[in-house]
Structure formats: C-alpha cells, structure tokens
Amino acid sequence: MLKIENLIPLPVFIAPTHNEFRLDAAAQIFIAPATTDTLRVANFLADDLRQLTGYAWSIVAEPTGRSHNGIILSLHADPSLGDEGYELNIASDGILLRAAKPAGLFYGIQTLRQLVVGAPETSAQTATTWRVPTGSIRDTPRFVWRGAMLDVARHFFKVEDVKRYIDWLARYKLNRLHLHLTDDQGWRIEIQAWPKLTAIGGSSGVNGKNSGYYTQDEYRALVQYAAERFITLVPEIDTPGHTNAALASYAELNCDGVARELYNGIEVGFSSLCLDQEITYQFLDDVIRELAAMTPGAYLHLGGDEAHATDKGAYIQFIERLETIVRKHGKRMVGWEEIAQAKIPAQTIVQIWRGDHAAAAAQSDVGVILSPAKHAYLDMQYNEQSPLGLHWAGYVEVQDAYNWEPATLLPDIPERNILGIEAPLWSETLLTLDDIAYMTFPRLTAIAEIGWSPQAARNWDSYRKRVAAHGAQWAQMGIPFYRSPQIDWP
Ligand code: IFG
C-alpha cells in the first residue's frame, strides 16, 4: 500500500493523521469555481478514479467549498502557493484540494492518485474497498524547469508512444518535454517550405530502423496533449552540427553543392551546415518560422552541441546570428552549453551536459538547465550488463541519478541562475516504448524529486524505500522498469 510517506516527489510538508478516508460509489468530485480549467483537471481525476474504482465519480459545481463525502478541487486558496503549489487535506469524511492556479490542482491530483489504494478490507472479504490515508500536505516545487528530453531523431517514436511518455512525466510533476527532432540520422518534423527534409531526411534511422516523422498536425497534437497536462513542449532543431539528415535532403545546403548520403551509424561531430552561404540562413529562417508558428511555448532549442566540423570563429558568429532569428520569431533560444562561447543575450538558456562551458555560461549570466551526463543521461547503461544504452559518461545506477545536488554541482554557476534540471534520453540503442520505459524507470523519478523537492528533505535511503512501492504500481501499469539491485522491490 502506498502510504502517505511514500510519495514521489517528496512534498514540502506532510502531516499524516493515521486514519483513512474510504471512497464509496456515491462519492463525487466538486469544483469550486466551476470553470473550464477546474473542469479539465477534475476530468483527469475522474477518469483515473473511474478506471481504478469502477465508481461513477460525477463532477458537481460546488459554490461553498464545504467538505462533502467526496473530493473538492478549489481555486479559493492561499496565493503564496504560486503557479504550481497546492494544499491537500484528506480527512476521514472528505478530501479538500486547494491551489491558487489550475496547475497546482493538477499536481495535487497527481499526489492524490499515488495515495488511492484498493485492498480487501479483511482477508475474509473479496470486495475491494478504496481508501486514502488521511493527513495534510502543503507542497510547492523547488525549480521551475523540471524536464525530460526524448530523442526521436536517432530512432523515431510515433505519436502514441510520446503521449505515453507525457503521461509518465505528468504523474511525477515534470513540466517540460524537450523533443530532439533532428540529427544526423533523421529529420522528424514536417517543414512545408522544405518538404525533402522529411521525405528524405525522415526516411531512415540508426541501423535503418524506426524511420518516420511528425506532420505539423501530429506535432500540434503532441503540443496540445502536453499542454493539457501542464507540460511545455520544447522542440529542438540541432544546429550547426548534427545536421547530416538536412544535408542529405538538400544538395544546396552543402558547401560543395553535393547532397550527403543518409547516415545510420552513431558517430557524432562530423556534420556541419555551410555557414558562409546565405541559403543556410534562409533555410533556418523558414524552419524557425514554421516551428515557432506551431509551438505556443516560449522556447525553441537550436542545439549547438558537438560542432566539431565547424570552424570555431564561424560557429560563434553563427550562434549570435541564429539567436537573432529565433528572437525575431518571438521565441527564447535554448542551446547546449557550447553556445555559451558566443555573445548571447540574458534571455538565452544554456543546457549544461558536460560542464566544460559552465564558466562561460556564468560569465553571460544566463539561465541554465542542468543535465549532467553522469547523473541525468537516461541513455547511460545502468551497469556493464545493461542490454540497452551507452556508457561514454560512465554507468548510471539509480543512486547515481539520485545522489547529486544542482546547487553545488558546478561551482561556477550561481544558484540564482539555475532554472532547473532535465533528463535527456538519447535513442541510439532504443527501438520501442518498452526500451524507453526500461531506461526511464526508476531514474526519471529520481530526477523528478530533485527538480521538485526541497534539498534538505532528500536522501537516498528514503528514496530507495519509497520508489520500491512505486515499482508495484508500475508493474500494475505494465511498465517494464529496471529492477535495480539497489532497491528492495516488493
Ligand atoms: N552526446 C550528443 C548526443 C548523443 C549523446 C548520447 C549531447 C548534447 C552524446 N550530444 O549529448 O547527440 O549522441 O549519450
């Protein structure tokens, strides 16, 4: 049974009262006020509880917010809860969830979902009763950027798989999904002005497997699905390196005017856009314009990593010009840490993955997202026997994913510049959603806790006990997670 103490991410404040609230078939969900926002969140809760308990769970407008035999979702709350915080009071006669904003209600129901557990009342009984441990919780996130990255370029994953991934992120209060849409092996997003990017660039993948791409409507559907779950989708077009798929699609993008061959290996650093040809900037302007038009989020990620085939000085000029194009289309540029070598404006965001450019990022005084490969790269093998993943950054067991502290990871980076953290999952060795699940759980939940919970409350012994209880839920959900020997699974 998932007790109130087994929550992940750990809430800021928990006061268990060691009783229980029993759900019964007449229980209802009340929304105060009744708006499209509160109704949308209530529907998420109702869908889950209907599926879990088989009860009707009707949703009722509740003007007073008094506690009934049911669950009240209310926006009449303490404004200091901020955009994502919530207060959850579970009494033996009813549940009251309050938040200042709809996202807070959404995160409160994620906590509640982890607590509703069915079990026969006694061994004699067969009927399941559904109970929730009582207590009060007040919770707000530590970092504003709590993200995961999915590489759909090395191997493409269809819309339904990405939606499942989004479901998993939402369950653990993550709020950013960075989609790595283009690389040497694949271009995965339809650009109407440059149709061969997907016709040719989308026709292959590592070892020739998992080709494909998202039409603009499919991409918009993913953006919408994520947004309904309070997740901002951050698309990445990797430049100027990691561009072989584009260079194979259009001869004119190559300095020598010759289209590259499609590439389905896993080397990096061998490709580069042709930075001293104007067509490259026309190409990028078209791509960025179309991407910005279908991306309501504030951020576009333009890569910048491993541009080993690009002249250093040309790279720096390119990044500075690229940023002006992104800004012209009304978006904030995100890039891998190498972009910090250029003069970048304060609104730019630098994603640190090795730490080599942390000092430059601090110098530019820009916001940073921490994705340290030796802790947060979910494509790293767990150990030498792992059937999937790479190990250039070392082996990353669950404890390695958990035992790090963003504020002290990189001495050069002042804590005030840390927007949050993000766990990349590169797909060179992954083909299916089950492969993704195996590499994701139980490490992404460690990252989710680091992104949400207070540093002082976090410790490995507590996490390894709590995550064991989640393993039982993942098994029920059919998620083939890695049964790490570091955890005593039920
Ligand atoms: N580094 C490359 C990725 C991917 C990764 C695999 C970054 C920013 C190694 N760049 O990580 O494209 O190949 O672990």
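Residues take their numbers from the sequence shown, with the count starting at 1. On a predicted model such as this, the values are computed, not experimentally measured, just so you know.
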Asks: Is there a donor-acceptor pair under 3.5 Å between the side chain of E449 and the backbone N or O of L10?
Replies: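 Yes, the answer is positive, given that a donor and an acceptor are paired below the 3.5 Å cut-off.
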Asks: Taking all atoms of both residues into account, what is the closest heavy-atom pair of A56 and R50, and its distance?
Replies: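 That closest heavy-atom pairing would be O-NE, 2.7 Å.
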Asks: Could you tell me which residues satisfy side chain to side chain contact (heavy atoms under 4.5 Å, CB included) with T35, sequence neighbours excluded, listed by chain and number?
Replies: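 Once residues adjacent in sequence are excluded, the partners of T35 under the side chain to side chain contact (heavy atoms under 4.5 Å, CB included) criterion are P33, D37, T38.
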Asks: In a check of salt bridge (charged side-chain N to carboxylate O under 4.0 Å, His left out) between E84 and each of R146, R142, K173, which one passes?
Replies: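 That would be R146.
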Asks: Does the side chain of Q110 pick up a donor-acceptor pair with the side chain of Q114 at under 3.5 Å?
Replies: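 There is no such pair (donor and acceptor under 3.5 Å, judged by atom type) between the side chains of Q110 and Q114.
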Asks: Hey, do the aromatic rings of H178 and W336 have their centres closer than 6.0 Å?
Replies: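 They qualify: ring centres under 6.0 Å apart.
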Asks: Can you see which heavy atom on E397 is nearest to which on S484, and at what distance?
Replies: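 E397 and S484 have their closest heavy atoms at OE1-OG, 2.9 Å.
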Asks: Side-chain contact test, heavy atoms from C-beta onward, threshold under 4.5 Å: evaluate it for Y172 versus F441 and give yes or no.
Replies: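 Y172 vs F441: side chains touch.
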Asks: Salt-bridged, D167 to K163, with N to O below 4.0 Å?
Replies: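 Looking at K163 together with D167, the answer is no, because their closest N to O distance does not fall below 4.0 Å.
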Asks: Validate the cation-pi geometry between R176 and W145: distance from NZ or CZ to the six-membered ring centre under 6.0 Å, angle to the ring axis within 45°.
Replies: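 R176 over W145 ring: yes.
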Asks: Considering all heavy atoms of both residues, which atom of D238 and which atom of T243 are nearest to each other, and what is their separation?
Replies: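 Minimum heavy-atom separation between D238 and T243: O-CG2, 3.4 Å.
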Asks: Is there a donor-acceptor contact under 3.5 Å from the side chain of T198 to the main chain of P195?
Replies: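 Flag set: sc T198 to bb P195 pair under 3.5 Å.
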Asks: Considering all heavy atoms of both residues, which atom of T429 and which atom of G389 are nearest to each other, and what is their separation?
Replies: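 Looks like OG1-N, 2.8 Å.
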Asks: To the nearest 0.5 Å, how far apart are CD1 in I487 and CH2 in W489?
Replies: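 Reported value, rounded in 0.5 Å steps: 4.0 Å.
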Asks: Is there a donor-acceptor contact under 3.5 Å linking the side chains of Q282 and W194?
Replies: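 Not at all, the side chains of Q282 and W194 share no donor-acceptor pair under 3.5 Å.
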Asks: Under 4.0 Å between a Lys/Arg side-chain N and an Asp/Glu carboxylate O for D183 and R154?
Replies: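 Yes.
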Asks: To check you understand the geometry: which heavy-atom pair defines the closest contact between G212 and R188, and what is its length?
Replies: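 Where G212 meets R188 most closely, the heavy atoms are O-NH1, 2.9 Å.
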Asks: Do E405 and R458 meet the salt-bridge criterion of a basic N to acidic O distance under 4.0 Å?
Replies: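 Yes, R458 and E405 are salt-bridged.
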Asks: Less than 6.0 Å separating the ring centroids of F44 and F106?
Replies: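 Yes; F106 has its ring centre under 6.0 Å from that of F44.
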Asks: Could you check whether T215 and D217, counting side-chain N and O atoms only, form a donor-acceptor pair closer than 3.5 Å?
Replies: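 Note: D217 and T215 side chains miss the donor-acceptor criterion.
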Asks: Looking at G108 and L88, what are the two nearest heavy atoms and their distance?
Replies: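 Closest pair (atom of G108, atom of L88, distance): O-CD2, 4.3 Å.
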Asks: Do the side chains of R164 and D161 get close enough for a salt bridge, i.e. N-O under 4.0 angstrom?
Replies: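 Judged by the 4.0 Å cut-off on N to carboxylate O distance, R164 and D161 do not form a salt bridge.
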